[in-house]
Amino acid sequence: MVSVVKRLGLGGDLVLLAIGLGGFLMSPYYVFLFTSVAITALICLSVGVTTERAGVISLCQVAFAGVGGWTNTWLLHLFPESAWAVPVGLLLAGLVPALMSLVLVLPTLRVRGVHLAIVTLAFALVVNLVLTRINFPGFDEGFSYLRSGWLESDPALLMLCVLLVIAISRTLVWMEQRPVGAAWFGVKFSERALAAFGVSVPGAKLKAFAVGAFVAGIAGGLLELQLGSLSARNFEPMSSLVIFALAVLSGSRFLSGALVAALLTWFVPEFLTAIGLGEWKDMGDLLFAAGALHALHGRMRSHAAARPGDNPVSGTELPALVVSDKAQPAELTLDQLTVRYGATQAVSDVCVSIRRGSVTGLVGPNGAGKSSLVDAITGFTAASGRVLLDGKDYSALAPAARALGAMRRTFQVGRAIPELTIRQYVSLASGRAQDDQTLGPLLCWLGCPAADTLIAQLDVGTRRLIELAAALASRPRLLLLDEPAAGMSAHESGRLGQVIQAIPQVFGCTVLLIEHDLPLIRKVCSDLLVLEFGKVIAKGPVDETLALPHVVEAYIGA
């Protein structure tokens with residue numbers, strides 16, 4: 001039983017459920033206190049979406065709760081006796097802030113880090129000012145909503161809050177297992193890698209903000225049910241800072257962390273008062289502010305230490321792999337492709353064709369422009385000239401659109417997302433859920449660990465294989481590999497060569513391979529493209545091209 005709870009992450013759920021059931025035995029004071037804990041845990045969960053998952057610093061979650069509280073108060077003020085007002089009001093309390101979050105995010109998609117934190121804090125100040133000016137519906141008339149029916153008792157409200165918190169937490173965990181939620185981790189770890197999967201980075205950010213605002217808005221709606229009447233003082237910007245600090249420092253991606261943050265918010269002041277140190281309660285805010293500065297400077301808790309993964313395939317021969325939905329390999333044509341960085345011309349008028357179904361090596365001395373050429377082909381850097389795949393011009397498309405058009409790549413620096421399992425990562429890259437029947441054989445073929453292994457637990461070489469698995473699972477027609485053997489041992493590199501050599505036949509894919517390991521190039525490539533100072537100085541069969549005098553001179557000098 002204990003192992004099941006740990007494996008499914010049910011610890012926070014069981015604690016919260018016990019609190020909800022215990023509410024029917026507690027005094028009214030503690031029922032009120034634990035209801036506040038449950039509502040605050042919801043706001044912390046919203047921080048878990050934006051910051052813990054998507055890596056976006058948002059200091060306006062309490063402001064979104066204020067908008068949700070205002071919305072629910074407005075509906076309950078209009079229809080105080082209606083049985084449907086409570087569920088509809090809570091739904092609107094989430095939807096209205098979610099829509100408002102889009103108004104905030106759309107103009108700030110290119111703003112990151114502390115700059116975005118300042119923007120969101122300014123938004124919280126504006127929302128608080130507006131709520132102060134317009135006030136909450138019925139506030140001037142002394143309106144206070146009185147619960148009736150099954151919600152009339154405070155323990156019943158506590159149980160409602162507990163059940164909503166558990167349901168929302170479980171929904172967020174469920175979303176993590178799907179591409180929509182896994183994409184949030186991509187935003188946090190590497191926006192370039194996410195775009196290379198064909199995922200819209202702005203779309204992923206918008207969804208993270210909208211879901212976070214929705215959760216915070218429901219918390220505001222529940223606060224109206226708890227207190228009966230609200231004011232702008234319930235949603236002051238300082239509260240956003242305190243909750244943000246606690247949520248980040250306690251790990252509010254998970255319900256247990258959000259619950260710890262909520263308990264600290266409410267029980268630390270009560271504990272200080274109980275032991276006769278009530279005058280020190282303001283010191284809590286000072287400590288929380290210090291925690292906020294700690295979080296804003298990015299000193300987050302480190303991931304689990306990477307350790308080598310268990311490789312189920314230790315032999316030199318590749319296991320059999322049958323791919324029923326393999327693609328048709330594409331012919332890549334570059335027409336006067338040029339990349340400039342200011343006055344520096346990194347790639348100069350490259351005009352080449354890569355044969356359909358071939359493995360073509362791209363080599364050259366350091367600084368020759370190899371990675372810049374791949375960036376230009378995949379749309380990650382501005383370039384003039386044309387990029388054609390089977391005659392179709394991709395030059396004007398964004399990186400995500402090129403990836404959706406069956407052009408995939410890996411990066412020189414590993415970009416596998418540590419927070420995800422292998423299954424989640426491959427599902428995100430391929431855009432579809434991966435079951436054991438489809439993913440298992442691919443991982444076995446590549447010599448990767450089991451699908452449910454956390455990427456943070458893998459060594460560098462195995463992570464490179466996971467990136468390759470993710471690219472192949474999307475069934476590309478053109479695959480660009482940027483130094484895939486980096487960080488691998490000689491044995492791993494040799495086996496990777498077997499894999500790359502087999503890709504065109506097994507997956508129906510043309511391969512362009514950047515690699516400094518010339519023995520690997522000789523082993524797996526049929527054609528070779530040599531760059532020097534951004535220009536193509538040779539192209540042809542591998543051995544013949546490497547033997548050319550000017551190619552030898554480019555590598556080792558005259």
Side-chain angles (χ1 to χ4, degrees), residues 36-69 97-98 100-101 104-105 108 111-128 131 165 168-169 172 184 187-188 205 208-220 223 232-269 282-301:
S36 300
V37 166
I39 293 173
T40 304
L42 264 185
I43 302 179
C44 293
L45 284 175
S46 76
V47 175
V49 174
T50 56
T51 301
E52 292 285 289
R53 289 177 172 86
V56 177
I57 299 176
S58 174
L59 301 180
C60 60
Q61 301 309 107
V62 171
F64 287 135
V67 174
M100 183 175 289
S101 72
L104 168 65
V105 177
T108 60
V111 181
R112 296 177 177 85
V114 176
H115 300 290
L116 182 58
I118 293 172
V119 171
T120 55
L121 183 58
F123 176 79
L125 291 168
V126 170
V127 168
N128 187 257
L131 292 179
V165 173
I168 289 173
S169 171
L172 293 175
W184 297 338
V187 171
K188 177 182 178 181
K205 286 185 178 180
F209 258 99
V211 172
F214 180 85
V215 174
I218 291 181
L223 191 61
R233 292 179 60 85
N234 296 111
F235 308 100
E236 291 181 344
M238 182 60 190
S239 300
S240 280
L241 289 171
V242 172
I243 289 180
F244 171 83
L246 284 172
V248 170
L249 295 174
S250 63
S252 59
R253 169 187 166 189
F254 305 102
L255 177 56
S256 55
L259 190 56
V260 167
L263 287 168
L264 288 173
T265 302
W266 288 98
F267 277 90
V268 167
D282 291 340
M283 289 297 295
D285 289 345
L286 181 60
L287 293 175
F288 300 155
L293 292 175
H294 176 81
L296 286 173
H297 281 83
R299 295 195 297 255
M300 309 282 281
R301 293 175 304 159

>> Just to verify, which of Ser101, Cys60, Pro97 counts as forming a side-chain contact (heavy atoms from CB on, under 4.5 Å) with Val67?
In response: Pro97

Determine the minimum heavy-atom distance between [X] and [Y], stating which atoms define it.
X: Pro237; Y: Leu125; value: CG-CD2, 3.4 Å
X: Thr51; Y: Ser58; value: OG1-N, 3.8 Å
X: Glu52; Y: Lys188; value: O-NZ, 3.0 Å
X: Val49; Y: Gly212; value: CG1-N, 4.0 Å
X: Ser240; Y: Leu59; value: CB-O, 3.1 Å
X: Ala38; Y: Val165; value: O-CG2, 3.4 Å

Is there a side-chain contact between [X] and [Y] in this structure, where contact means two heavy atoms from C-beta onward sitting under 4.5 Å apart?
X: Leu255; Y: Ile168; value: no
X: Phe235; Y: Leu223; value: yes
X: Cys44; Y: Ile243; value: yes
X: Leu104; Y: Phe64; value: yes
X: Ile57; Y: Val248; value: no

Interatomic distance, [X] atom [atom1] to [Y] atom [atom2] [nearest 0.5 angstrom]:
X: Ser239; Y: Gln61; atom1: OG; atom2: CD; result: 13.0 Å
X: Leu45; Y: Thr50; atom1: CG; atom2: OG1; result: 11.0 Å
X: Trp266; Y: Ile39; atom1: CH2; atom2: CD1; result: 8.5 Å

